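Let me begin by presenting the structure, written as structure tokens, before commenting on it.
Labels below follow one simple rule: chain letters A, B, ... track the order of the sequence lines, proteins then strands, and each chain is numbered from 1. Predicted model only: the values in this text are computed from it and were never measured.
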Number of protein chains: 2
Amino acid sequence: MKKYVYSFNEGTAAMKSLLGGKGANLAEMTKIGLPVPSGFTVTTEACNEYYNAGEKLWNELKEEVLNHLANLEEKMGKRLGAVENTLLVSVRSGSPISMPGMMDTILNLGLNDETVEGLASATNNPRFAYDSYRRFIQMFGDVVLEIPKYKFDSILEKKKDEKNIEEDTDLTAVDLQVIIEEYKAIVKREKNIDFPQDVKDQLFMSIEAVFRSWNNPRAKVYRNLNDISDTLGTAVNIQSMVFGNMGETSGTGVAFTRDPSTGEKKLFGEFLMNAQGEDVVAGIRTPKPIEELRSKMPQAYDRFLEVANLLEEHYKDMQDIEFTIENSNLYILQTRNGKRTALAAVNIAVDMVKEERLTKEEAIMRIDPLQVEKLLHPTFDEEELKKATEITRGLPASSGAATGKIYFTPEDVVAAKNRGEKAILVRMETSPEDIEGMVASEGILTARGGMTSHAAVVARGMGKCCIAGAGEIRIEESNKFFKAGERLYREGEYISLDGNQGIVYEGEIPTTESQLTENFVELMTWADNIRQLKIRTNADTSRDAEKAIEFGAEGIGLCRTEHMFFEESRIYAIRKMILSTTEEARRNALEQLLPMQRQDFAEIFKAMGPRPVTIRLLDPPLHEFLPHDEEDIKQLAEKMEVSYYQLQEIVNDLKEMNPMLGHRGCRLAVTYPEIYEMQVKAIIEAAIIVKEKEGINVIPEIMIPLIGEIKEFQYVKGIVERTAKEILVERKADLQYLIGTMIEIPRAAVTADEIAAEAEFFSFGTNDLTQMTYGYSRDDAGKFIGEYKEKNILEKDPFQRIDRKGVGKLMEIAVKLGKTARPNIKLGICGEHGGDPNSIEFCHLLNLDYVSCSPYRVPVARLAAAQAAINNKDQRK
Amino acid sequence: MKKYVYSFNEGTAAMKSLLGGKGANLAEMTKIGLPVPSGFTVTTEACNEYYNAGEKLWNELKEEVLNHLANLEEKMGKRLGAVENTLLVSVRSGSPISMPGMMDTILNLGLNDETVEGLASATNNPRFAYDSYRRFIQMFGDVVLEIPKYKFDSILEKKKDEKNIEEDTDLTAVDLQVIIEEYKAIVKREKNIDFPQDVKDQLFMSIEAVFRSWNNPRAKVYRNLNDISDTLGTAVNIQSMVFGNMGETSGTGVAFTRDPSTGEKKLFGEFLMNAQGEDVVAGIRTPKPIEELRSKMPQAYDRFLEVANLLEEHYKDMQDIEFTIENSNLYILQTRNGKRTALAAVNIAVDMVKEERLTKEEAIMRIDPLQVEKLLHPTFDEEELKKATEITRGLPASSGAATGKIYFTPEDVVAAKNRGEKAILVRMETSPEDIEGMVASEGILTARGGMTSHAAVVARGMGKCCIAGAGEIRIEESNKFFKAGERLYREGEYISLDGNQGIVYEGEIPTTESQLTENFVELMTWADNIRQLKIRTNADTSRDAEKAIEFGAEGIGLCRTEHMFFEESRIYAIRKMILSTTEEARRNALEQLLPMQRQDFAEIFKAMGPRPVTIRLLDPPLHEFLPHDEEDIKQLAEKMEVSYYQLQEIVNDLKEMNPMLGHRGCRLAVTYPEIYEMQVKAIIEAAIIVKEKEGINVIPEIMIPLIGEIKEFQYVKGIVERTAKEILVERKADLQYLIGTMIEIPRAAVTADEIAAEAEFFSFGTNDLTQMTYGYSRDDAGKFIGEYKEKNILEKDPFQRIDRKGVGKLMEIAVKLGKTARPNIKLGICGEHGGDPNSIEFCHLLNLDYVSCSPYRVPVARLAAAQAAINNKDQRK
């Protein structure tokens, strides 16, 4: 029979996929002798089985749980449901990949009308007992019975108002008994059941609730956002309770072994005396810095410090540790690798190499490449910041800078974002329901909660700027303003958040580019030494090119020439070209564009210095350059001195049923060779000029788009070569250049041997290749791709991550055939996948020479390429 | 050194690609001892070299030609350019594949102001000599110097008018001398050169002209139309002249060894006394039936009969022979396999098997599969024909029946066709310039010319109805009418042509289906016994299905269910479905469609009997069912009782940038499973009904379109299976059915192993597969595909013939992978390529089980499949 339940002393850290992260760590900590309250774990396999079984617990599982419970009772000398020596347990979720705040937890399970009395007399602390029971009913009601939490909260608030007190801790035992009765009445009213008094019912119902919570909408959103598979499942950890709320020698806290914002090597955390853990996490009471524990309870603090070091050493990573002190005894409830900002991640990884805890390769593997991009994003302009008016301060919960308009609900933030506005989410505190609004926001400001509150943890995970616990402001969500001092800040007004300092400013503050830290530069150097892929960038201007070089780009993989045509002065010439009816008129119009294109290319060549530059000749269909609505056509007709109807007819003539598959790319050059002739002329002349003026040996790589057939390539190559030769002869210049092609049409992939015989390089245009391989129009697939993901037909949007099975297979075929015909053919990728770590790994495995991505993705790609090399040491052919 | 020139006695029939068809046959005839005038052939390789060398003759070639000329002179005892014993030669083109009327010919070369006098005195026939010189100048002027022919003609006509004579033969020697001077004056005026008197210049200029003519526009159109490669080149045959115009014991003619219209075994041809061959071909004088030669020149006739039999026996095919009688001596100028109607082709092939000249396989190989389709086309309804009014009669030059409006120029015919009209081209005589008009016409009527005139030969090649030489009518092209008796028939009036009888009728005459002849049925039976591919049909109605069965279809390979929705009563329901905003409303609308679809399927199943039927579930995007222009939307809105704006919004919402790659096929079923549920219900219920009522064991093959990913197939298969099961359970019925998929998306091809694990059959949808593999939108590619073919980038429109290298490669991958996963998977094709012989051969080589094509293509496919089997005996794996 399959084993579905493991005692903490049966597992290890390696059993994460079975026991979940939390369960595996509890087991590991138990194994290395840390003070962990005993318990057992119901496995993730049980969770999956639960879903397979139609969302029901089955009898064998229940028995196995009860057996482990009996063992636990024996070990603890307590019994669940007993009045004397009553055992209370926590029930927590724990999936193989940490999903903070997403899953539900139940504490104090085992309390009922009888055991609460036993607990009261055993601890000689009735207030604690009733408070525990009160909390239990509330959590059970919320998580298991799905009764809206505010219904319980409002009773508590009402009681506090009645008694005119601030803190929950000021409620007396009698108050709490009254509250308990009212809580039970809510349960009765809402669910038409009595609050379960059978403790085994409580246990099984809670286990089921944890399983169910795996598929709650928040969890799904989080998984989708973080690319976590739906099939992992969650484990359930049942652990004997210890109490941080047993009086003034008890407390609870959360601490990181290093600063999760900066990575600084010092204990970083918070605690609350006489409280349970959720008080810290939920941000309801603002906790104290962990340092203050040293003076309050020196022994416990020292013991904690010792344990923290031990854990970091053991896991070789920064730990996020939950602890509870029960009557001066320290218990470790949980440890996990701590979430951190990108900055902290880099600093910790580099520091740990210096501390000789990690090798360079291990350090590189510690960084999520996508997170690195956030390091590159702007911070406030220092000068502007000096002039800015401070509104208030809070905790610097997640670093970065953000500026945007104030909105008070996640829905409003999402709506604002959809309107194209930048929005700041301002909220009392955040909860998992708010996640979409948090995603859509530029930054988050909360009035309550600490560094480990929901808002802080989630924002750091997202790399999003967050200021938490700005307790001075008063938020009136329903009136859509917040008040700081006497001043009102209304919905739609700009504010700016400095996530590094925790300062909120009035208005919109301009930002400057972020500084690349020394540690970052060092880490990247390590990555550069390991990776085998070159990293190029997609850049259409010298400004983009310069930025990309700063980020480490080694060349341009894609310079799109069409973007150069959209400027006011140029679009006129290109439109004149399109409206021409003779080749001569077209040539005249193109003649006007030539000096501008030449200048563009010269600037780019200059910026790139000796680095290779791949220029793609005109790609989009001509109708993209023409207006389409009546008014614009009328205006243009006037300017062009043609009749409206004439122009309308041309616009209609150029319209296509499926422009994606229409008259574009090299197909234009077959019809109008003069367009590519002009572009080649501009490229070659620019290269000659830069070579002569700057002494840079430019070797342009001229890329022909949308090739599907070798004769097509030969035809267009002929145009390029003739044009280039003419100029070189005319100028008596000597210049090397390459002619290659995009591989973006399935037919090009399967006939790549023929094409490679003529083409000096291939660049995979995986955007179009994905469109044609799947038969998905990017412009239209939005209508069904969401549903495809929801129904698990697509695991991932193939426009984001290369579909290895289909698109990837065609790439494989193309690489193989291409190398057959031209063993040293230069191979790259310039689709958007070039900046996606998973796709970069695939490119590494395919033996491409380079990936090309947007400038801000260049460091991401450098790191991802290094990780690919480390992960696949012997797999690159 | 490469040999570029061959004497006729150096070659054989097998050297067709080097010597051209004509040259190889002249050599072959020389070899077997026939009376062929001596000569030599400049090879097709020389033609290609001529183009490579920049369209210039090179010295080595000229020398080689002169050496062969010297040999010829020695053999003939005559000399080119000599006044006494002057040698005259013909210069004719001859490509490896016969292109009648396309290439240019020069006769009487060697005449100049001096040799003409020698010829006059040697033959003692000055009239003949001047007439030959006159003809030579005219042909040379036209073909070599490119002076419009009518300029010469008008001089001739003027002279005839002056002298009030009808026939060229009535012109005297003196008349002709005057005409010669006027002709030379035209040359001087038009080209500013004297007419070349140097006979070697004449020869080389003529050879060049033949080479040039390979690429004249008419030749290109013909090659394009007939799928002949541009790289074959043409040979040039230089042959000593014999003269059919040396007086009343001379003559010339053309004859087929069997009737090219019916295949009847009898000599069939025409001759003209005292004439050169071009008089017969050009249709300027109306020739006499060959039988009359028997009485006029019995010896020559018998000798010709003997030669004709010899040639047919030798070539084992019906021959088309050109002959000349010079002073009672018979010369064979040319023989080739004769063009014939489809009817004749079938009859000849079957007869020759019966005569034991051919094996059945050889007979099958003799028929052009595409021609066979023409046998199936309608003929006039006999009853209607009895009531029709005869206008006039001509020669039954090409069989078939045609009805349409009168137009007098090829341009008007093309324009009419583009307007959607049926047009008959009515013309004095046709010439190669008219070819596009002939293609666009329903049929052709000429007032002049015989059975071997341009119009007749070309029309037969096209399988197009033609009546030639209807000499009673008077055509006034400029006034746009023709006159028969006193009645005028004006442009735009209907006439009808009976190509089998040569009768022209007034008005539009209804047609009946053609009868399949016994020989045809027999040939098809032979083909059926040889072919390995099954032939299915694409049929959406029981009417199509019945027609296809008559033509030999063995099943339906594609039943498109969407066409069933476009009927008035149904489109309303489908629109209601589309406009529904809830699943329930959609289901209600679909409920209305169910009985109609069920009825459709039941009829088709009944028609098909035990034959397999593949039904494709809904494929097109929903917007295809909605109106798009304002007025229609308004009307529909009214009918649907929604506001115009609401409906407009829905229409806009459904619009797609690239509908080809949009929300269609199985993607619709993922979003709206209820659509496929209704269709599956209709299929399964219809099958049950037909099984119960008719006792037919229907095994429907349910085909899911546009699959690109196995999970998508699984999802939709789930819908199909659940729906089917429900009905079968409900009805307590037992029914087998298959679920398969189209392979039409490149990704499906490269992941076919995964898909085949779940799909019971594949049907290649090569239309869409070609679109996506090439990245060509069929709707838009017209804008550049013509140019691509012109520029030799595409050899053939890939939508007509499977592109074996690209699309075919993906098919190969799919077959291989599919069979890996499911060795006995059923494989077919249902794209339009299923009716294309070349593509059918490819399907044979791919080991598909069947091809599916339109009903009229079924016999084509049966024959093509047999030919594929014969051609590739050991190549099917």
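- Crowding of Gln648(B) atom CD: a count of heavy atoms from other residues, nucleotides or ligands under 6.0 Å exceeding 12.
- Atom-to-atom distance recorded for Tyr776(A):OH and Arg747(B):CZ is 7.5 Å, nearest 0.5 angstrom.
- Only the side chain of Glu754(A) comes within contact range of chain B, with at least one heavy atom under 4.5 Å from a heavy atom of that chain.
- Annotation: maximal heavy-atom pairing with chain A below 4.5 Å, among Gly775(B), Gly806(B), Gly708(B), occurs at Gly775(B).
- Only the side chain of Leu810(A) comes within less than 4.5 Å of a heavy atom of chain B; its backbone N, CA, C and O stay farther away.
- Looking only at side-chain heavy atoms (C-beta outward), Glu656(B) and Asn658(A) stay at 4.5 Å or farther from each other.
- By the 4.5 Å heavy-atom criterion applied to side chains, Lys711(B) and Lys791(A) are not counted as neighbours.
- Put simply, of Gly662(A), Pro659(A), Ala781(A), the one with the most heavy-atom pairs under 4.5 Å next to chain B is Pro659(A).
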Residue pair Asp780(B), Leu661(A): steps toward the side-chain contact (heavy atoms from CB on, under 4.5 Å) verdict: CA-CA 8 Å; Asp780(B) 305 306; Leu661(A) 308 177; 5.9 Å; no
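- When each of Leu706(B), Asp653(B), Thr671(B), Asp768(B) is scored by its heavy-atom pairs under 4.5 Å with chain A, the top score falls to Thr671(B).
- Distance check: Ile785(A) CD1 to His663(B) NE2 gives 11.0 Å after rounding to the nearest 0.5 Å.
- Atom-to-atom distance recorded for Ile813(A):CD1 and Lys809(B):NZ is 7.0 Å, nearest 0.5 angstrom.
- Contacts of Leu769(B) with chain A are absent, with no heavy-atom separation under 4.5 Å from either backbone or side chain.
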Thr773(A)/Thr751(B) under side-chain contact (heavy atoms from CB on, under 4.5 Å): CA gap, chis, key distance, verdict: CA-CA 11 Å; Thr773(A) 303; Thr751(B) 62; over 6 Å; no
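- Rounding to the nearest 0.5 Å gives a distance of 9.0 Å between OH of Tyr774(A) and CD of Glu712(B).
- Neither the backbone nor the side chain of Phe713(B) comes within contact range of chain A; no heavy atoms are under 4.5 Å apart.
- When each of Val807(A), Ile710(A), Asn792(A) is scored by its heavy-atom pairs under 4.5 Å with chain B, the top score falls to Asn792(A).
- Of the inter-residue distances, the one linking Arg667(B) atom CZ with Ile793(A) atom CD1 reads 11.0 Å to the nearest 0.5 angstrom.
- Residues Val670(B) and Tyr788(A) form a side-chain contact, since some pair of their non-hydrogen atoms from C-beta on lies under 4.5 Å apart.
- Here the side chains of Ile745(B) and Met772(A) are not in contact, with every heavy-atom distance at 4.5 Å or above.
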